[in-house]
2 protein chains.
Amino acid sequence: MSDASSAIERFSRYQSDDAQSVEPVHCPVRDVLDCIGDKWSILMIMTLATRPRRFSELHRAIRDISKRMLTQTLRDLERDGLITRHVFPTKPPSVEYCLSPLGQSLLDPMASLIDWADRRYSDIHAARVRFDRAPCDVPRQ
Amino acid sequence: MSDASSAIERFSRYQSDDAQSVEPVHCPVRDVLDCIGDKWSILMIMTLATRPRRFSELHRAIRDISKRMLTQTLRDLERDGLITRHVFPTKPPSVEYCLSPLGQSLLDPMASLIDWADRRYSDIHAARVRFDRAPCDVPRQ
DNA sequence: TAGGGTAGGTCTCACATAGAGACTTTAGAG
DNA sequence: CTCTAAAGTCTCTATGTGAGACCTACCCTA
C-alpha cells in the first residue's frame with residue numbers, strides 16, 4: 001500500500017485560491033478526468049487490455065454502449081494516444097484497435113482501482129442498502 | 001509498479017460471452033464506474049482528502065460545478081458510504097462533509113492514477129496535437 | 001421595523017449530451 | 001437475387017446538466 005500524500009498535496013496546491021484566481025495551474029486530477037473521466041473509456045481500455053479487438057467485437061463485449069458512443073470513445077482515446085487504430089484492406093475493410101504503450105502504462109494504476117472495488121464493494125453495497133432504507137430520519141433541511 | 005494481470009484476468013472472465021448471457025457476473029470495473037465514474041466524484045473525493053469541508057467551501061473549491069450537481073454528487077457519495085454528512089445546529093445550520101474510512105481507503109489507488117497523469121500528461125498532450133494536426137490523411141471509411 | 005446578508009439547499013427552464021435504430025457501401029455466401 | 005457482414009454515419013428522441021431564481025430562518029445594521 002503506497003502513500004497517497006504526495007498526490008494529495010499536489011492536488012491541494014492546485015486548488016488553493018490564488019492558484020485558481022491567477023492562472024490555470026496544471027491539475028493532474030483534471031488531467032485524468034479529461035482522458036478517462038467519461039462513461040465508457042475505462043471499460044474500453046480494460047476490454048483492450050488482453051488483446052486487440054475489432055469494432056464489432058468491442059460492441060459485443062460492451063453490449064450496452066451504442067455504436068455512436070463506441071465510435072466517439074474510440075476516437076477520443078486514439079486522439080489521446082491511448083489506443084491505436086489499424087485498418088486492414090479487406091473487403092469490407094476491418095478495423096482493429098489496440099492499446100498503445102501509453103495505454104498499457106495505464107493498466108497498473110487502473111488495476112489498483114479495480115482491486116479496491118473488488119475488496120470494498122460489499123461495504124459499498126451495504127452502505128447503499130442502509131441509506132435507502134432510512135430516507136426520512138435525516139431531514140435535509 | 002505492481003502487476004495488473006490479476007485485475008485484467010478477473011475482468012475478462014466477467015466479459016466472456018457465457019458470463020454475459022446467463023447472469024450478470026459481478027464486474028469490479030463496473031463497480032468502480034458505478035461509484036466514481038461520473039463527472040464530479042473523483043474531484044470531490046480529492047477535495048475532501050486533506051480535511052472536512054462545508055457545502056459552500058466545496059463550491060468555492062470546485063468553481064465550475066453547479067449547486068445542483070454539488071448536492072447530487074455529495075448525496076450519491078454519502079449513499080455509497082464514501083463520505084459522511086454532519087449537520088451542526090447553528091443558525092443557519094452548517095453542514096460538514098468528510099471522507100469516511102471507506103472513502104479514505106480510495107485515496108491510495110486514486111493517487112496511483114494521479115501519479116500516472118502527472119508523469120504521462122505531456123505524452124497525451126503531444127498525441128493530441130499530432131492527431132488534431134492531421135485530420136484528413138486517414139480516411140475513416 | 002425594514003432591509004440585507006448567510007447557510008444549505010430546491011425548483012424550473014433551457015440547452016447539451018447520449019441512446020435507438022435506420023441507412024450506407026462493397027463483397028461473399030447461399 | 002437476396003441475405004449478411006463490416007464499420008461506421010445520421011436523425012430523432014430521451015436523459016443529464018447548468019444557470020440562476022427562490023426558500024426558510026436567523027442575525028446585524030440602520
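Residue numbers begin at 1 in each chain, while the letters A, B, ... track the order of the sequences. Remember, it's a predicted structure, so these values are computed and weren't measured experimentally.
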**Nearest-neighbour nucleotide for the V95(B) side chain, dC26(D), dG9(C), dT9(D) considered** = dG9(C)
**Item:** Rounded distance in Å - CE (M69(A)) to P (dG16(D))
**Value:** 14 Å
**Asked** If you measure only the distance, is there a donor-acceptor pair under 3.5 Å linking the side chains of Y97(B) and R85(B)?
**Response** yes
**Request:** Measure from NZ on K91(B) to P on dC23(D) and round the result to the nearest Å.
**Result:** 20 Å
**Item:** For atom CH2 of W40(A) and atom P of dA18(C), their distance in whole Å
**Value:** 11 Å
**Asked** Is K39(A) near enough to dG19(C) that one of its side-chain N or O atoms lies under 4.0 angstrom from OP1 or OP2?
**Response** yes
**Asked** Any idea which of dT9(D), dG8(C), dG9(C) is nearest the S94(B) side chain?
**Response** dG8(C)
**Request:** Round to the nearest Å and state the distance from L70(A) atom CG to dA6(D) atom P.
**Result:** 13 Å
**Message:** Nearest whole Å is fine: how far is dA7(D) P from E96(A) CD?
**Reply:** 10 Å
**Message:** Please check: side-chain N/O of S56(B) versus main-chain N/O of H59(B), any donor-acceptor pairing under 3.5 Å?
**Reply:** no
**Toward the 5' end of DNA chain D, by each residue's nearest nucleotide, L74(A) or R68(A)** = L74(A)
**Request:** Indicate yes or no: does R119(A) engage D31(B) in a salt bridge with an N to O separation below 4.0 Å.
**Result:** no
**Complete:** The residue, P92(B) or D38(A), whose nearest nucleotide of DNA chain C is more 5′ is P92(B)
**Message:** Can you tell me if R75(B) touches the phosphate of dT10(C), counting only side-chain N or O atoms and a distance under 4.0 Å to OP1 or OP2?
**Reply:** yes
**Request:** Measure the distance from NE2 on H59(A) to P on dA20(C) and round it to the nearest whole Å.
**Result:** 9 Å
**Item:** Spacing between I65(A) atom CD1 and dA18(C) atom C1', to the nearest angstrom
**Value:** 10 Å
**Message:** Under 4.0 Å from OP1 or OP2 of dA5(D): is there any side-chain N or O of R60(A) that close?
**Reply:** no
**Complete:** Atom CD of Q72(A) and atom P of dA16(C) are separated, to the nearest Å, by 15 Å
**Asked** Under a 4.0 Å N-O cut-off, is there an ion pair linking R51(A) with E96(A)?
**Response** no
**Electrostatic pair R120(A):D123(A) at N-O distance under 4.0 angstrom** = yes
**Request:** Kindly say if S56(B) contacts the phosphate of dG8(C), meaning a side-chain N or O under 4.0 Å from OP1 or OP2.
**Result:** yes
**Asked** Hey, does K67(B) reach any base, or is it just sugar-phosphate, or nothing, if we go heavy atoms under 4.0 Å?
**Response** base
